[in-house]
Undergrad: 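Dropping a structure here in structure tokens format, bear with me for questions.
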Amino acid sequence: MKPRVRFAPSPTGYLHIGGARTALFNWLHARRHGGTFVLRIEDTDQERSTPESVQAILDGLTWLGIDWDEGPGKPGPYEPYFQMKKLARYHELANQLIAEGKAYRDYATEEETRAARVEFAKSKGFAADADFLELRKAGFKWRSPWRDKTEQREGPFVVRFKMPELSGSFGFDDQVLGRIEKPYEDLDDFVLLRTDGIPLYNFGCVVDDHDMHITLVGRGQEHINSTFPQLMLYKTLGWSPPQFAHFPLILGPDREKLSKRRHPEADVMVHKKNGILPHALINFVARLGWSHGNDETFTLEDLIQKFDFAHVGHTSGVWNPEKLSWLNEHWLKTSEPKDVVRALVPFLADAGLTVSADDPRLVPLVLAFRTRAKTLVDIANAAKPYFAHGVAIDPAAAAKHLSSEGKAMLQKARAHLETLEWAQKPLDGVVDTVAAETGAKKGAIAQPIRVAVTGGTVSPGIGETLVLLGRDEALFRIDAALK
RNA sequence: GUCCCCAUCGUCUAGAGGCCCAGGACGCUGGCCUUUCAAGCCGGCAACACGGGUUCGAAUCCCGUUGGGGAUACCA
């Protein structure tokens with residue numbers, strides 16, 4: 001059977017790096033087995049959900065090259081793919097559960113729940129106004145007086161699942177972690193529908209995964225515990241649950257869970273801005289929590305061919321910016337130059353250069369600087385002087401290499417340069433020619449040329465640099481330096 | 001607190017009882033190459049959390065301890 005998997009983000013901000021990896025693992029699984037990858041927007045948190053966030057998620061996935069078969073902009077058989085558009089469906093199911101005595105309307109007022117809370121707090125020695133979560137930690141459980149009533153009345157209510165009183169434990173076989181179990185008694189009457197009629201995560205998630213015929217749910221380990229109430233729902237609704245796969249978390253360099261607040265790198269798009277290739281990020285994030293022997297670099301095809309849940313790790317991984325950087329350097333060096341150029345163009349624009357993607361100077365430029373750059377930003381910055389007319393010479397470099405001897409060498413080199421075919425090889429030869437002629441060291445010839453032509457002491461090889469500049473510009477700069 | 005998950009170099013990891021006095025990668029570091037800077041190449045440092053078992057034999061299995069993370073909402 002072809003798998004149907006999904007990525008179900010909540011649109012409450014940018015695409016989070018952890019979410020991106022969850023999406024990737026699911027996508028890889030679908031692509032490998034010829035299955036379907038569904039994108040579902042869980043927008044039930046009305047306070048935090050925004051249309052901009054939906055767009056940010058779509059943009060992030062698109063940049064990474066993760067496409068979806070069903071979801072926003074991709075009509076499919078199980079529409080809609082936004083939870084807020086199928087409220088009626090949740091209500092229908094909730095009412096069915098109520099009618100069957102498997103859920104109930106909880107009309108408990110604020111006062112009633114508070115009274116119960118205060119009583120518990122007192123018995124445990126807490127202040128009367130102790131934080132709800134603190135009390136939960138101390139073992140407070142809300143047991144509604146409406147649990148066993150069926151009467152309806154006016155006024156707001158939440159719909160709660162009526163947890164059966166069962167002994168023993170239940171669980172599931174996680175595709176990465178193995179068997180996970182929990183005693184029934186650990187579950188309580190969780191809320192299905194809020195007062196405003198909007199479903200809560202556990203309910204909406206189960207209904208949608210069922211409705212969308214999801215066969216495997218792959219998500220972060222933070223959801224392990226919510227699998228249990230969800231399993232109860234499947235059982236109660238008479239549905240068979242999908243398989244589950246829980247992926248390890250990604251921690252920040254400080255070993256805290258990667259969060260939007262403290263970790264800028266949690267935003268997928270900051271890496272785009274930083275000049276990281278999308279595939280480098282994919283490669284990095286894939287290797288964080290998954291492995292394939294000693295392999296480190298993977299093309300997308302490799303990943304699709306080799307990815308499996310069995311080799312997803314069990315341990316949280318720490319974000320390692322150096323490794324991301326190395327991977328970016330690797331893909332900068334090994335990708336098709338044309339592809340690098342395409343990714344580079346926006347950065348050129350940011351650097352103030354209006355160059356079209358098919359400018360013939362771009363490929364040689366990428367070839368010259370890709371081994372010297374960590375990011376596309378580096379390449380764009382390096383490229384800038386090559387598009388200008390004339391160059392400002394660094395005084396320290398001039399002092400060192402454009403002394404009278406330096407200029408003498410430069411003069412000799414210039415004379416040869418004029419006669420040569422303007423290509424890397426013959427141009428490189430000029431250093432040897434002058435060295436043979438004068439008995440000087442190669443550095444004493446190459447450096448004055450380099451400084452004259454680039455303004456500094458660091459650049460690609462002389463021949464390559466000269467070609468990049470073009471004959472006219474190169475000669476112009478040399479003459480300027482000679483003055 | 002309770003429940004759940006986890007535990008190999010600083011970091012990501014290989015390792016499914018003997019092939020491991022533990023391999024790869026990043027980083028760090030020494031060198032080679034070299035007209036600069038990179039890249040590349042060769043080398044080095046560096047780990048099985050601890051304690052008990054099981055076994056002829058354990059990084060690998062079991063138990064406990066410790067440590068880390070996650071969940072405990074009318075967020076997802």
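Keep in mind that this is a model prediction, so the values were computed, not measured. Here is how names work: the chains are called A, B, and so on, in the same order as the sequence lines, proteins then strands, and each is numbered from 1.
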Undergrad: Please determine, for C56(B), whether a Watson-Crick or G-U wobble partner exists with both distances under 3.5 Å, and give it or none.
TA: G18(B)
Undergrad: U13(B) P sits how many Å from Asn283(A) CG, rounded?
TA: 14 Å
Undergrad: Rounded to whole Å, please give me the gap between CZ in Phe247(A) and P in C5(B).
TA: 18 Å
Undergrad: Please determine if Lys260(A) and Asp267(A) form a salt bridge, counting it only when a charged side-chain N lies under 4.0 Å from a carboxylate O.
TA: no
Undergrad: What is the per-nucleotide protein-contact pattern of nucleotides 71-76 of chain B, from the 5' end, where B denotes a base atom under 4.0 Å from a protein heavy atom, S denotes such proximity for sugar-phosphate atoms only, and - denotes neither?
TA: SBSBBB
Undergrad: Tell me every residue that passes salt bridge (Lys or Arg N to Asp or Glu O under 4.0 Å) with Glu119(A), counting only those two or more places apart in sequence or in another chain.
TA: none
Undergrad: I need the NZ-P distance between Lys141(A) and C3(B), as an integer number of Å.
TA: 12 Å
Undergrad: Rounding to an integer number of angstrom, what distance separates A25(B) and C62(B) when you compare their P atoms?
TA: 31 Å
Undergrad: Measure the distance from CG on Leu249(A) to P on C4(B) and round it to the nearest whole Å.
TA: 18 Å
Undergrad: Closest nucleotide of RNA chain B for Ile180(A) versus for Arg21(A): which of these residues is on the 5' side?
TA: Ile180(A)
Undergrad: Can you list the residues that meet the salt bridge (Lys or Arg N to Asp or Glu O under 4.0 Å) rule with Arg21(A), with sequence neighbours excluded?
TA: none
Undergrad: Spell out protein contact along nucleotides 6-12 of chain B as letters: B when the base is contacted, S when just the sugar-phosphate is, - when no protein heavy atom is under 4.0 Å; keep the 5' to 3' order.
TA: SS--SBB
Undergrad: Ring pair (Phe, Tyr, Trp, His ring centres under 6.0 Å) with His223(A): which residues, sequence neighbours excluded?
TA: Tyr201(A)
Undergrad: When the distance from CD of Gln175(A) to C1' of C5(B) is rounded to whole Å, what number comes out?
TA: 17 Å
Undergrad: Listed by chain and number, what are the salt bridge (Lys or Arg N to Asp or Glu O under 4.0 Å) partners of Arg255(A), not counting sequence neighbours?
TA: none
Undergrad: Suppose we screen for ring pair (Phe, Tyr, Trp, His ring centres under 6.0 Å). Which residues come up paired with Phe172(A), at least two apart in sequence or across chains?
TA: Phe228(A), Phe244(A), His246(A)
Undergrad: Could you state the atom-to-atom distance from CG of Asp308(A) to C1' of A16(B) in whole Å?
TA: 13 Å
Undergrad: Which residues satisfy the ring pair (Phe, Tyr, Trp, His ring centres under 6.0 Å) test with His271(A), sequence neighbours excluded?
TA: Trp319(A)
Undergrad: Under the ring pair (Phe, Tyr, Trp, His ring centres under 6.0 Å) test, which residues partner Phe25(A), sequence neighbours left out?
TA: Phe247(A), Phe307(A)
Undergrad: Determine which nucleotide pairs with C28(B), using a 3.5 Å limit on both distances of a Watson-Crick or G-U wobble pair.
TA: G44(B)
Undergrad: Would a line drawn from the ring center of Tyr104(A) to the ring center of Trp146(A) be shorter than 6.0 Å?
TA: no
Undergrad: His263(A) NE2 to G69(B) C1': how many Å, rounded?
TA: 13 Å
Undergrad: Between G64(B) and G23(B), how far is it from one C1' atom to the other, in whole Å?
TA: 31 Å
Undergrad: Heavy-atom contacts under 4.0 Å between residues 401-412 of chain A and RNA chain B, which residues?
TA: none
Undergrad: Provide the Watson-Crick or G-U wobble partner of G67(B), both distances under 3.5 Å; none if there is no partner.
TA: C6(B)
Undergrad: Let me know the distance between NZ of Lys182(A) and P of G70(B), rounded to the nearest Å.
TA: 16 Å
Undergrad: Return a single string for nucleotides 34-43 of chain B, one symbol per nucleotide in 5' to 3' order, where B is base contact, S is sugar-phosphate-only contact and - is none, cutoff 4.0 angstrom on heavy atoms.
TA: -BBBBSS---
Undergrad: Drop me the distance from Thr334(A)'s OG1 to Leu277(A)'s CG, to the nearest 0.5 angstrom.
TA: 9.0 Å
Undergrad: Name the pairing partner of U36(B), where a pair is Watson-Crick or G-U wobble with both distances under 3.5 Å, or state none.
TA: none
Undergrad: Among pairs that include at least one residue of residues 447-469 of chain A, which meet salt bridge (charged side-chain N to carboxylate O under 4.0 Å, His left out), considering only residues two or more places apart or in two chains?
TA: none
